[in-house]
Amino acid sequence: MIAALMVLLPLAVALALPWAKRPAIHRPLAVLGVAATLALGVFATGGAGSLEIAWVPALGTWFAVDATGAGGVLARIAAAVMLPTVLWAGARVDDRPQVFLAWLLATLAGLVGIFLARDLVLFYVFWELTLLPALAMLAGWGLTHRRAATLKYLLYAVAGSFAMLISVLAVRPLSGAEGYRFDQLLAAAPLLDPLTQTWIFAGFAFAFAIKLPIFPLHAWLIDVHEQNHASGAADVAGTLYKVGGFGLFAWAMPLLPEGATALAPLGLALGAFTAIYAAMIATRHAHLKRALAYASLSHMGIVAVGLFSLHLAGQTGSMALLAAQMVTTGGMFLVSGMLHDRRGSFELEAFGGLARGAPALAAVTLVVLFASVGVPGLANFPGEFLALLGTYQSAPAAAVVAVLASIALGAFGVGLYQRLFQGEARERAQEIKPLEVAVFAPIVALTLWLGVAPAANLTVFEREAAAAQVAAAPITPPADAQASGGAR
Amino acid sequence: MSLPPEFGDLVVLLPVVTLIVFAALTLLFGVFTRERAALGGLALTGVIASLVFNVFLWLEARAGGVAVTALGGAFRGDPLSYAFSFVILVGAGLALVLADGHRKRLELDQPELHPLLLLAASGGLVLVSAGDLVTLLLGLEIMSLAVYVLAAWRERSRVSEEAGMKYFLLGAFASAVLVYGIALTFGATGRFDFAGIAVAAAAPGFESLGLLLLGALFVLIGLAFKVAFVPFHQWLPDVYTGAPTPVTAFMSVVVKTAAFGALLRTTGTLVEALGVGPIGEVLPAVLAVLIGLTMVVGNFGALLQSGVKRMLAYSAVAHAGYVGLAVLAGGHAGLQAASYYLLTYTFTSVAAFAVLLSLMDDDDRGDRIERLAGLGRRRPWLAGALAVVMLSLAGFPPFAGFIGKAVVFQAAIAAGHAALAVLGIATAVVAVVFYARVVMTMYMREPDAHTAAARPMSRRTAVVLSIGLVATVVFGLFPGLWLDWIARAPWWSAGF
């Protein structure tokens with residue numbers, strides 16, 4: 001029941017916000033909505049954490065949500081990251097802030113829905129629903145060239161989701177499953193013949209590759225981030241919405257193990273290439289948001305490699321990395337908004353020497369940035385390490401490339417910090433403001449928590465990955481044999 | 001007084017008779033009174049009364065669980081006829097109110113408007129309830145003749161006259177093809193009624209399978225004109241654009257639904273009659289080709305349009321392709337999917353035309369997409385409504401258009417037409433572009449000289465729009481309201 005409320009509450013707040021007449025209550029209402037969602041997430045354990053109601057019996061779909069698994073962890077982290085984002089956006093967006101905040105809340109509702117859905121049609125509905133706020137924030141609040149970026153984003157997203165729709169609609173009739181609930185599908189779909197599985201998996205993988213995103217389906221991401229509102233709030237929402245990895249992990253791979261095995265070599269190759277290629281571009285890029293977008297693309301390459309390693313540790317690590325980069329990449333986009341406030345530009349040459357006027361801002365940025373490039377003890381490290389370690393067991397070549405990418409990312413982090421904060425300052429930058437402290441506090445806390453105490457989340461991810469591999473086991477070769485197939 | 005038994009259960013004719021009686025009444029009153037508003041009310045009363053009878057009969061039939069026939073099997077009451085009659089009557093009622101609200105402004109104010117709308121709807125009911133091919137033809141002609149006149153309704157408008165004439169000429173040609181097909185089918189089986197055709201073809205020693213196939217193909221082509229399958233869609237964009245907008249709205253829901261009801265019944269029977277041999281595979285194959293072409297041409301055609309009305313015309317062709325998938329799937333799943341798709345399309349399409357009507361000029365022109373620029377800020381409610389409509393037509397959840405596509409594609413995949421479903425999805429991506437263009441123009445372009453004048457919406461239009469929008473959302477969130485209702489119905493297969 002609480003799990004269902006986690007979806008409905010932010011949706012209700014989103015619907016209520018545009019009606020609130022007094023500007024003074026917009027931000028508090030939005031923050032309260034997110035905080036309440038997060039609180040619900042904390043209590044959504046055990047029996048209260050899941051719910052199943054028949055939705056359309058004629059179609060075999062259910063309103064089934066579950067907050068006790070991997071999706072629950074991601075939903076809680078998404079809500080936690082959304083909290084400072086809403087706080088920041090409420091202060092930084094001047095044009096119809098209540099509507100912008102409503103779209104952020106709608107994003108949260110959609111994301112929680114994606115993560116908690118345990119029915120494939122419901123998952124698809126939330127997947128598609130979350131696109132609307134992303135497009136609306138870009139179209140309504142973006143920069144000058146937002147029209148082209150919006151159309152590009154829309155086309156990529158819809159091409160992907162319609163491909164997925166075919167797979168969604170094919171998997172039940174073809175496998176003869178009783179319904180679209182995960183357990184119903186799991187009982188039937190892995191028994192499909194390998195060729196059918198491969199085709200259905202390809203439909204899913206196409207959609208998830210666009211949303212991950214990985215090369216060559218990533219072109220929309222960079223433009224979207226460049227053209228989003230300068231506060232960076234919409235970019236955080238976009239970062240949280242990179243749910244392709246979760247889709248592979250929670251749906252496509254468990255349901256279609258043979259399909260996953262067949263396409264794993266392709267996934268590994270594209271993932272590894274994305275990781276290294278995006279990291280190289282990031283180090284050389286002169287536009288802050290585009291550079292951050294490429295860096296996050298590189299992370300997604302590593303996530304893809306870990307998932308397609310089909311190795312327990314690799315998959316567990318990938319999910320941990322996905323969760324951590326929500327915090328760190330999201331945090332960096334908020335930093336980009338703060339820096340834009342100070343210099344009025346995203347071009348890196350406008351920056352430099354910020355540390356002199358704003359040492360505290362420099363220090364917290366350093367924490368988030370280093371966490372994002374995988375420095376041990378901070379958020380991204382456990383996931384990245386496990387993902388690479390797992391991949392090395394089953395696909396050493398891809399792992400080597402991905403390790404090179406993570407080294408390049410480290411160089412990117414150091415270089416970026418130097419260009420932003422060190423060197424000569426043209427003008428004295430303003431020190432960190434109270435609002436910015438409030439925005440940073442949850443980000444830094446999460447960064448440290450995910451870095452220092454990753455065990456709780458890793459256990460959940462590992463349990464789910466292992467369960468999926470066990471479910472697939474009776475009809476497929478053991479995990480190691482699969483993985484060596486993937487290493488070809 | 002008792003009737004001979006072959007008259008059957010005449011009560012099943014009630015919805016049709018009600019419409020015809022009210023058509024006669026409005027015609028009579030129209031001669032004596034200048035009070036057109038009263039005529040509109042009378043016509044709407046007729047549609048609602050007919051709808052009440054339809055629902056009543058449907059409920060009774062569900063309790064009884066048997067198909068009801070009248071006039072020696074010429075007229076049927078079964079799940080298909082009840083479901084499609086319901087959709088037709090809902091669409092007719094909404095389109096009627098819409099026409100009534102813009103009657104004066106668009107100079108559509110002749111007294112014969114309402115009777116013709118009612119007659120067209122009654123023809124639609126006959127079409128979907130026909131138990132034999134002759135009754136089917138009768139219904140088609142009752143409906144079509146009324147709509148030919150309605151399409152040419154605007155006096156002194158060349159495009160409207162051209163639309164009516166074009167529709168009439170091509171429609172008459174289609175009817176001729178249909179009649180020829182009916183004759184060939186009769187020649188092959190010696191029967192007109194659907195049940196009889198199936199029985200005759202299944203009888204041992206049946207030799208005229210080739211002739212029956214030829215007849216079936218002609219019947220299919222005749223009906224393909226009416227539902228506007230490519231390449232028999234040529235009339236549609238011009239007629240939709242030229243006809244008065246309320247009439248276009250009526251055609252896009254009532255005529256389309258009725259034609260699909262007939263197509264579903266006819267192809268279902270003929271495919272079964274032709275059996276599973278090599279000859280039996282021809283009809284579904286031809287249908288599949290037509291549907292594939294329809295989806296491709298309709299969507300790419302819509303992509304090229306600069307007028308919203310003409311874009312909606314091509315989009316109507318494209319949606320015909322999607323409903324066609326359900327027809328191809330056939331059986332109970334096909335009925336379920338097609339009726340759901342058409343029901344929700346009825347609500348969404350009427351809502352689209354309601355918005356369009358409040359933006360267009362008094363000469364029924366001015367649908368260029370540039371006129372929508374800046375609507376998002378100037379008329380937030382109207383823009384929001386049109387955005388919901390466009391998203392639903394594009395197949396976005398949680399709106400009804402999404403579930404419609406989902407059930408149609410699922411039915412097609414389950415029936416073994418996965419390739420066609422993939423083609424459908426690919427064309428649906430194209431469709432998103434032209435629907436999104438409308439939304440983006442409203443929200444992302446500054447208003448300029450082209451922007452439509454802010455005319456307040458009439459109350460009747462607002463009611464139609466609200467009903468359309470609420471239904472689009474409610475049926476999207478709770479598709480079970482219709483799907484489960486249809487699914488629980490016992491399936492009476494005799495004579496399809």
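In what follows, chains are A, B, ... by sequence order, proteins preceding strands, each numbered from 1. Every heavy atom of this structure was used, including side-chain atoms; hydrogens, water molecules and symmetry mates were not.
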* A:Tyr153-A:Trp220 aromatic ring centre distance below 6.0 Å -> yes

* To do: Would you kindly say whether A:Trp127 and A:Ser161 are connected by a side-chain donor-acceptor distance under 3.5 Å?
  => no

* Are the ring centres of B:Trp485 and B:Phe86 closer than 6.0 Å? -> no

* Over-ring placement of A:Arg96 relative to A:Trp141, 6.0 Å and 45° cut-offs -> yes

* Part of A:Ile166 within contact of chain B (heavy atom distance under 4.5 Å) -> both

* Between chain B and each of A:Ala54, A:Pro57, A:Pro173, count heavy-atom pairs under 4.5 Å; write down the option with the most. => A:Pro57

* To do: With a 4.5 angstrom heavy-atom cut-off, could you sort out which part of A:Ala163 is near chain B: side chain, backbone, both or neither?
  => backbone

* Which one, A:Asp95, A:Leu174, A:Leu131, leads in non-hydrogen pairs under 4.5 Å with chain B? -> A:Asp95

* To do: Describe, in one word, how the ring planes of B:His319 and B:Tyr345 are oriented to each other, choosing from parallel (under 30°), tilted (30 to 60°) and perpendicular (over 60°).
  => tilted

* **chain B contact via A:Arg146 - side chain, backbone, both or neither, heavy atoms under 4.5 Å** => both

* Asked: Hey, what do you get for CZ (A:Phe204) to OH (A:Tyr124), rounding to the nearest 0.5 Å?
  -> 11.0 Å

* May I ask you to name which of A:Leu59, A:Leu169, A:Val121, A:Leu132 has the most heavy-atom pairs under 4.5 Å with chain B? => A:Leu169

* Region of A:Leu135 that comes under 4.5 Å of a non-hydrogen atom in chain B -> neither

